[in-house]
Amino acid sequence: MANISRDSIKKLVDKYAHARLTDSGADEMAKMLEKRAKEIAKFAVKNAKKGKRNKVTKEDIEAYVFKKAEL
């Protein structure tokens, strides 16, 4: 089970996709989102360390998006 609640996932899907989601669908989406968040966090921390910083900035996270766009 993921840490993001089913209710939160269901609200997001309803708000942005105007669709209903089953409990198992919400659980699966939460797992996928957490996996992606972990990947982004690791990248952002490495990026901050390259800049000799202890705090991750918005720019570190945006760099992940740009890195993926280049692939």
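Counting only residues at least two apart or in different chains, ring-ring contact (aromatic ring centres under 6.0 Å, His included) contacts with residues 24-55 comprise F43-Y64. Residue pairs meeting the salt bridge (charged side-chain N to carboxylate O under 4.0 Å, His left out) criterion with at least one member in residues 43-52, sequence neighbours excluded, do not occur.
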Check residues 8-21 and write down every donor-acceptor pair under 3.5 Å in which the side-chain atom is one partner and the other belongs to a residue at least two apart or another chain.
{"from": "S8", "atom 1": "OG", "to": "S5", "atom 2": "OG", "distance (Å)": "2.8"}
{"from": "K10", "atom 1": "NZ", "to": "D23", "atom 2": "OD1", "distance (Å)": "2.5"}
{"from": "K11", "atom 1": "NZ", "to": "D7", "atom 2": "OD2", "distance (Å)": "3.3"}

Atom pairs and distances, donor-acceptor, side-chain atoms in residues 53-63, under 3.5 Å, two or more places apart:
{"from": "R53", "atom 1": "NH1", "to": "K55", "atom 2": "O", "distance (Å)": "3.1"}
{"from": "R53", "atom 1": "NH1", "to": "D60", "atom 2": "OD2", "distance (Å)": "2.8"}
{"from": "R53", "atom 1": "NH2", "to": "D60", "atom 2": "OD1", "distance (Å)": "2.8"}
{"from": "R53", "atom 1": "NH2", "to": "D60", "atom 2": "OD2", "distance (Å)": "3.4"}
{"from": "T57", "atom 1": "OG1", "to": "E59", "atom 2": "N", "distance (Å)": "3.3"}
{"from": "T57", "atom 1": "OG1", "to": "E59", "atom 2": "OE1", "distance (Å)": "3.3"}
{"from": "T57", "atom 1": "OG1", "to": "D60", "atom 2": "N", "distance (Å)": "3.3"}
{"from": "T57", "atom 1": "OG1", "to": "D60", "atom 2": "OD2", "distance (Å)": "3.1"}
{"from": "D60", "atom 1": "OD1", "to": "N47", "atom 2": "ND2", "distance (Å)": "3.1"}
{"from": "D60", "atom 1": "OD2", "to": "T57", "atom 2": "N", "distance (Å)": "2.8"}

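Atom CD of E28 is separated from atom CE of M32 by 6.5 Å, given to the nearest 0.5 angstrom.
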